[in-house]
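Everything below concerns the one structure shown next.
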Amino acid sequence: MNDIFLKPYNPVETEDRIYDSWEKSGYFDYEKLPKRYADGQPFSIVLPPPNVTGTLHMGSALMLAIEDIMVRYARMTGKRTMWIPGTDHAAIATQSKVEKEISKKEGKSRHDLGREELLRRIDIFAKESHDVIVKQVRKMGCSIDWSREAFTLDEKRNLAVRTVFKKMFDDGIIYRGFRVVNWDPKGQTTISDDEIVYETRKTKLYTFKYSKDIPISISTTRPETKLGDTAIAVHPDDARFAKYIGKEFSTVFAGEPIHLKVISDISVEKDFGTGALGVTPAHSAIDWEMSQKNNLPLKQVINEYGKMMVGNDSIMGKKTAEAREAVVEWLRAEGLLEKEEDIEHNIALAERTGGVVEPLPKLQWFVGVNKKFRAQKGKFAGKEVTLKELMHDAVESGDTKMIPDRFEKTYIHWIDNLRDWCISRQIWYGHRVPVWYREVESEKLKEESGKWKAESEKLEIYCDINPPKGEGWKQDEDTLDTWFSSGLWTFSTLGWPDEKEFSKYKEFHPNTILETGWDILPFWVARMILMSTYVLGEVPFKSVYLHGLVRDAQGRKISKSLGNNVEPLDMIAKYGADAVRVSLIIGVGPGNDSKIGEDKIKAYKLFANKLWNITRFILSGTEGCNYDVGFDKSTEKDLALKEEFSAILKDITSDMENFRYYLAGDKLYQYAWHRLADVLLEESKAILSSGIIANGAPESPEKTSRQQFLLDTLIKLVRALHPFMPYITEEIWAYLPGVGGSAEKSGKDVKELLMVSEWPL
RNA sequence: GCGCGGUUAGCUCAGUUGGUAGAGCAUCCCCUUGACGUGGGGAGGGUCACAGGUUCGAAUCCUGUAUCGCGCACCA
């Protein structure tokens with residue numbers, strides 16, 4: 001027996017060495033796997049690219065652990081495994097983080113630095129962040145193919161983005177439209193619906209009349225926007241207002257002339273406020289929709305900085321909050337204010353900057369999800385479809401299955417509520433919109449209602465993968481929503497749009513599985529389905545495994561402000577990656593949130609040690625034992641024990657096939673500790689010490705049988721545990737007899753690594 | 001408003017197709033000095049949120065209720 005087993009297991013000393021030997025073997029790359037893999041089924045998965053905004057947390061560690069279990073299990077069952085790493089540039093998140101830092105340290109804004117310098121700074125930051133992330137992924141023991149690493153903003157991915165944009169543009173799916181969008185005055189950019197977080201705040205609901213001559217009272221929490229009202233809406237069945245429908249009124253409201261038409265719309269609730277609603281098309285998404293249906297004019301009264309563009313002297317130029325006071329004052333003075341009440345109200349905040357979102361009418365790029373186009377590839381080839389239909393069908397048809405399946409409902413629900421996706425961002429870090437403009441009529445833009453739409457018509461627009469030739473072209477200043485590029489991830493990482501390269505990897509797409517957190521189901525999963533079904537006519541992956549949130553020991557969300565972050569690298573240094581992995585896996589079913597505390601990690605460090613000692617006992621008790629004899633001489637009792645373990649392994653295999661890693665891991669833990677160690681090793685002590693006979697004489701059959709049983713069981717146990725605890729099992733494997741000694745140790749008999757050995761049955 | 005999930009031992013949670021309630025931690029008792037004290041054995045502790053139903057049989061399936069949490073929409 002090697003002396004190494006006389007000391008307790010030392011993960012720190014072992015893990016880096018083992019990871020090196022894996023990398024040197026080349027087996028992370030499916031093309032370099034041993035020959036017998038040549039006919040193996042393909043197994044493909046992408047790493048959900050972590051944002052380069054920071055470093056990994058316990059949630060990422062859980063993700064890495066689950067995915068590595070999937071990949072290692074697949075490899076051990078003979079599959080050609082391709083796991084692709086990468087990182088996400090995370091546009092807004094990264095830029096706002098770097099901007100914040102620069103402003104804090106140097107007191108400079110992005111405009112002080114300029115586009116080029118800011119991008120240079122962001123690249124430096126992203127690089128540093130990337131390096132830490134890569135180190136963390138290695139430390140977790142991930143058997144991921146580094147030779148295929150990608151970045152959502154690198155050259156290849158940029159080509160993929162431009163190619164898809166152009167295709168969508170030509171299909172009329174991408175359009176430039178003047179619409180009310182979510183504007184973040186703090187970040188000075190548009191954001192999508194998904195980048196908004198809601199916060200409940202106390203606010204006042206004001207009820208008033210626009211003027212003494214207008215007979216309908218309305219309620220609002222935002223009186224300052226009423227300067228931009230162009231209609232009053234009531235429910236069509238509301239008898240109280242029926243006589244006014246179609247009537248028009250004019251007045252001067254807080255210094256601003258307004259003209260109101262009374263319209264009816266079923267989206268008005270009769271019971272809220274006065275039952276009538278002031279329609280502000282420019283500053284409310286729903287009012288904007290109403291204005292489109294009713295052909296109402298649009299009037300912007302708040303600008304990009306959240307300041308008033310109209311009104312009397314005490315309003316014009318003021319921020320919205322001050323203007324609100326001023327408007328209320330004016331209402332009071334005019335005797336128009338009827339009621340003030342306190343209500344709870346959800347306000348929309350930009351997720352990244354915390355700015356209060358201001359709905360504003362802007363000219364932006366959109367992906368139209370309800371726009372019909374003719375599908376070219378896949379099951380709908382030749383048919384007229386919409387993106388929404390494709391996304392709906394992917395899950396509805398079962399082409400993509402979700403684990404657990406309850407998330408399929410969530411997904412469908414989300415798709416049904418889907419609106420056009422605003423993809424342009426007024427930030428610098430990201431994929432630049434591949435569109436160029438040339439003025440054909442140099443008429444100045446007029447900030448007057450109705451004239452906005454004309455603006456784009458005076459421009460010649462060119463969209464292509466490469467810039468246009470000729471004079472006077474200017475590229476669109478905007479960049480694309482980060483999800484536009486991460487939506488392409490399953491195929492942009494496989495060489496697409498280079499047909500030659502992509503065809504080589506054809507069998508790896510759709511990916512076998514996608515593993516990610518349920519919290520990004522709508523953002524990322526749905527967008528990958530959108531992109532893949534549109535571009536390739538096939539789903540991006542056959543299954544989606546969704547893991548839950550990792551919370552702290554008290555069940556609180558991990559957050560910076562609470563300071564309750566458990567640093568994966570610290571825990572790995574203290575207890576080893578194997579312990580961290582298992583503690584995150586066991587007892588946590590798919591889709592369920594979990595709690596992680598140091599105690600739990602510690603408990604599995606003890607398990608690693610137990611495993612080490614089991615090995616020590618078995619190796620010392622079986623020295624010189626001829627493994628090749630096999631089980632033909634097993635006692636009945638040992639045969640039964642072998643059957644027992646086989647049955648457990650069969651059960652565990654079924655768990656692995658059905659993504660029940662939390663059960664499989666626990667069963668192995670229970671067997672190893674409470675069956676093998678507590679019972680079988682204890683009873684083996686007597687058996688192993690009994691059969692000692694004089695030199696040269698054969699051992700007792702009972703002892704030989706037991707020795708063989710113990711070794712056989714240890715070998716199978718180590719194999720089955722490998723996906724869960726890759727480091728310690730690989731280390732033990734190197735010292736097991738009968739399966740070929742370690743190459744470094746003996747020089748002869750080159751043994752294959754455990755990572756490419758067969759899953760036990 | 002629409003939808004999803006939880007409710008099982010003091011705590012944290014398993015319980016896969018329905019078959020006499022499980023683990024870890026905690027508590028208490030005992031054992032153990034050549035695999036491991038990072039150990040072993042044992043005990044106490046639960047009307048499986050509640051009420052109906054299906055069934056020979058329900059923690060598990062169905063209906064409803066309560067309660068906690070979450071998502072989406074609305075939030076004039």
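All values below were derived from every heavy atom in this structure, side-chain atoms included, with hydrogens, water molecules and symmetry-related copies excluded. All values derive from a computational prediction rather than experimental measurement. Within every chain, numbering begins at 1; the chains are lettered A, B, ... in the order of the sequence lines, protein sequences first and strands thereafter.
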- [ ] Both distances under 3.5 Å, Watson-Crick or G-U wobble: report the partner of B/C48, or none.
- [x] none

Task: Watson-Crick or G-U wobble mate for B/G10, both contacts under 3.5 Å - done: B/C25

- [ ] Quote, to the nearest angstrom, the P distance that separates B/C48 from B/G5.
- [x] 22 Å

TODO: Over all heavy atoms of both residues, which pair between A/Trp518 and A/Leu549 is shortest? Give the atoms and the distance, please.
DONE: NE1-N, 4.0 Å

Task: For B/C4, the Watson-Crick or wobble partner whose two distances fall under 3.5 Å - done: B/G69

Task: Nearest-neighbour nucleotide for the A/Asp678 side chain, B/A23, B/C75, B/G40 considered - done: B/G40

- [ ] Please work out which of the three classes, parallel, tilted or perpendicular, describes the rings of A/Phe208 and A/Tyr210, given edges at 30° and 60°.
- [x] perpendicular

TODO: Please state the C1' separation for the pair B/C4 and B/A58 - nearest whole angstrom.
DONE: 24 Å

- [ ] Report the relative orientation of the aromatic rings in A/Trp612 and A/Tyr9; use parallel for angles under 30°, tilted for 30 to 60°, perpendicular for over 60°.
- [x] tilted

Open item on the list: Using the salt bridge (charged side-chain N to carboxylate O under 4.0 Å, His left out) definition, which of the options A/Glu338, A/Glu340, A/Glu325 pairs with A/Arg332?
Closed with: A/Glu340

Open item on the list: If I pick the C1' atom on B/C31 and the same atom on B/C68, what distance separates them, to the nearest angstrom?
Closed with: 44 Å

Open item on the list: Quick check on B/A35: is either OP1 or OP2 less than 4.0 Å from any side-chain nitrogen or oxygen of A/Lys685?
Closed with: yes

Open item on the list: What's the closest nucleotide to the side chain of A/Trp518 if the choices are B/C70, B/A35, B/G39?
Closed with: B/C70

